[in-house]
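All remarks here apply to the structure that follows.
Ligands are counted one by one from 1 in listed order, and the atoms in each one are counted from 1 as well.
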Amino acid sequence: MSKSPEEVWNECLDVIRDNISRQSFKTWFAPIKPMALAQDGEGVRLTVQLPSRFYYEWLEEHYSSLLRKTVNKVLGANGRLFYDVVIEKDDAESGYDGTSMQLPARRPANEPAPRGVTVDAAPPVRSAPSPAPEPAAGSPVTNPFVIPGIQKVQVDSRLNRNYTFDRFIEGDCNRLARSASLAIAQHPGGTSFNPFLLYGGVGLGKTHLIQAIGNYIEANQTGQSVLYVSSERFTTEFVQAIQHNRVSDFSLFYRQIDLLIIDDVQFFSGKEKTQEEFFHIFNALHQAGKQIVLSADRPPRDIQGIEERLLSRFQWGLSADVQPPDLETRIAILQRKSEEDGIGVTPDVIEFVAHNVKSNIRELEGALIRLLAHATLHKREMDLPLAREVLRDLIKETRVTLTIEEIQRLVCGYFSIPEDLVRAKTRKREVVQARQVAMFFAKQLTQHSLKTIGLHFGGRDHSTVIHANQSVEDQMETDPKFRHMMEEIRHRIELRSR
Ligand code: ADP
Ligand code: MG
């Protein structure tokens with residue numbers, strides 16, 4: 001065997017990297033360590049170390065096929081992958097001693113652990129030991145900060161019952177965030193995702209998702225105290241506690257929570273005393289194996305005014321982001337919302353709204369409500385003309401944000417020509433066409449003047465833009481193929497992710 005385990009694993013990582021998102025790669029594959037490479041009668045076996053049993057379960061559930069194909073590609077058909085799983089404290093009770101247990105990448109259902117089989121073996125089975133048992137109800141409180149003898153108080157979780165996983169539509173924009181949230185809801189404190197930090201822009205479902213974790217646990221695990229609180233409310237209550245000399249009650253209260261959800265932690269910014277209190281609560285809960293879930297409007301590294309030691313703790317577990325929804329997700333969300341609200345919205349109206357309202361989900365909901373209000377108030381059909389009328393302002397707003405450069409990029413991408421050619425002097429036929437088409441869309445879809453548009457195309461005159469527009473309009477009228485192409489390009493521009 002001439003290669004080292006590192007070399008082989010790096011080759012595997014190269015394959016994996018090409019097949020999944022950067023975020024998933026970073027989360028699931030970057031922490032894996034290559035351990036050993038050995039040859040036996042059955043072929044080559046590569047052993048890698050996983051940081052926890054949870055990783056093992058996750059990899060098996062989501063990536064077993066990718067891993068199998070990768071290993072076969074790198075090590076050949078007889079290549080096999082073995083996992084060394086680092087045992088968390090809780091697992092020690094399940095009968096494994098030592099610091100790690102070996103598990104095969106896949107194992108048929110009845111075979112006792114932990115013997116190896118090839119990754120090619122039989123259907124995928126989730127073969128890790130069952131999760132650590134929940135503490136029995138009434139068992140002594142192990143949190144060192146709770147004074148013995150004090151009963152756990154009943155906590156009002158302050159959750160909005162509508163924010164459930166059932167009502168959360170999954171799309172590429174939120175897939176990792178949703179799966180991680182569900183995993184945490186199923187094993188609070190029992191995954192390596194502690195804390196779990198969900199970040200992303202406004203109206204993208206952060207509050208919904210972190211509350212879904214709370215609602216799930218309340219519905220499925222009695223006796224767990226769940227608390228949802230915004231960072232502002234936490235701050236206000238802390239300040240009041242100081243004023244009324246009740247800081248220790250405040251502190252004690254928080255240390256009894258099993259699942260603490262804090263929304264919008266960026267608002268802790270600049271509030272040093274609050275941060276310090278939260279820091280201690282965080283440590284106490286984390287040490288006691290309690291689950292902490294946080295949200296922020298940006299990645300932790302971009303949050304200003306929060307102490308380094310707290311920021312670094314935010315990143316101990318898993319950070320996942322939510323992105324603006326793509327067209328399919330927007331359509332799915334609108335369909336679901338209109339069903340939930342019992343409003344009959346026709347597919348063409350849904351598609352129109354989804355095409356035009358893109359920045360976030362709150363706006364999408366807002367558009368639907370606005371539409372409904374107008375239809376009821378003016379006793380009108382909820383049809384396309386009404387949608388156009390009602391959403392005119394909203395649509396204008398979103399279109400302003402489309403830049404001429406973006407249009408140039410998308411149009412040139414469509415025609416497969418380098419982007420700078422539309423700004424250059426060349427009069428080659430295909431470049432002229434792309435240039436005219438891009439000018440046409442710049443006029444249609446942005447608020448810029450003809451003069452500004454001309455300037456963006458290599459300092460051309462506004463009359464060139466007028467000419468381009470006429471030429472495009474003429475062709476659209478006379479040439480159905482051209483018209484079809486224009487529709488496709490418009491569609492692409494409208495789908496562009498921001
Ligand atoms: P954020 O906290 O990120 O600003 P919210 O969680 O408040 O966003 O979401 C805004 C609105 O959009 C809420 O009414 C929420 O229910 C809804 N929403 C967000 N994401 C989804 C989704 N994926 N599926 C269904 N509804 C969603
Ligand atoms: Mg929110």
Atom indices of ligand 1, in the order listed, that fall short of 4.0 Å to a heavy atom of G201
3 (O)
Hey, what's the ring geometry for F250 with F234, parallel, tilted or perpendicular (30° and 60° as the breaks)?
perpendicular
Checking a contact table here: which protein heavy atom is nearest atom 4 (O) of ligand 1, and how many Å away?
G203 N, 2.7 Å
For atom 10 (C) of ligand 1, the closest protein heavy atom turns out to be R362 NE, 3.7 Å
Under 3.5 Å, is there a donor-acceptor pair between the R490 and Q444 side chains?
yes
For atom 27 (C) of ligand 1, the closest protein heavy atom turns out to be I361 CG2, 3.6 Å
Does ligand 1 have any atom sitting under 4.0 Å from a heavy atom of C173?
no
Lys/Arg-Asp/Glu bridge criterion (N-O < 4.0 Å) met for R158, E237:
yes
Which heavy atom of the protein is the closest neighbour of atom 14 (O) of ligand 1, given with residue, atom name and distance?
E365 OE1, 2.9 Å
One finds that the ligand 1 atoms under 4.0 Å from a non-hydrogen atom of V202 are 4 (O)
Which atom pairs, one a donor and one an acceptor, fall under 3.5 Å between side chains of residues 174-182 and the rest of the protein, sequence neighbours left out?
{"from": "N174", "atom 1": "OD1", "to": "G171", "atom 2": "N", "distance (Å)": "2.9"}
{"from": "N174", "atom 1": "ND2", "to": "I169", "atom 2": "O", "distance (Å)": "3.1"}
{"from": "R175", "atom 1": "NH1", "to": "E170", "atom 2": "OE2", "distance (Å)": "3.0"}
{"from": "R175", "atom 1": "NH2", "to": "D172", "atom 2": "OD1", "distance (Å)": "2.6"}
{"from": "R178", "atom 1": "NH1", "to": "E170", "atom 2": "OE1", "distance (Å)": "3.4"}
{"from": "S179", "atom 1": "OG", "to": "R175", "atom 2": "O", "distance (Å)": "2.8"}
{"from": "S181", "atom 1": "OG", "to": "A177", "atom 2": "O", "distance (Å)": "2.7"}

Atoms of ligand 1 close to N174 [distance to a heavy atom under 4.0 angstrom, numbered from 1]:
23 (N)
Enclosure of E307 CD (heavy-atom neighbours >12, cutoff 6.0 Å)
yes
Looking at atom 24 (N) of ligand 1, what's its closest protein heavy atom, distance included?
I169 N, 2.8 Å
Check R370 with E365, please: is the shortest side-chain N to carboxylate O separation under 4.0 Å?
no
For L311 and I303, work out which heavy atoms get closest and say how close.
CD1-O, 3.8 Å
May I ask whether E170 has any heavy atom positioned less than 4.0 angstrom from an atom of ligand 1?
no
Return the closest protein heavy atom for atom 6 (O) of ligand 1 as residue, atom name and distance.
H208 N, 2.8 Å
R309 to F279 six-membered ring, cation-pi geometry met (6.0 Å, 45°)
yes
Which protein heavy atom lies closest to atom 8 (O) of ligand 1, and at what distance to 0.1 Å?
G205 N, 3.0 Å
For T207, the atoms of ligand 1 under 4.0 Å from one of its heavy atoms are 1 (P), 2 (O), 6 (O), 7 (O)
Ring centroid separation for H286 and W316, is it under 6.0 angstrom?
yes
With a cut-off of 2.8 Å, does S295 put an N/O/S atom close enough to the Mg ion (ligand 2)?
no
Measure N360 to ligand 1 on non-hydrogen atoms and call it side chain, backbone, both or neither using the 4.0 Å cut-off.
neither
What residue and heavy atom of the protein are closest to atom 25 (C) of ligand 1, and at what distance?
R167 O, 3.2 Å
Pair R380 + E389: basic N to acidic O under 4.0 Å
yes
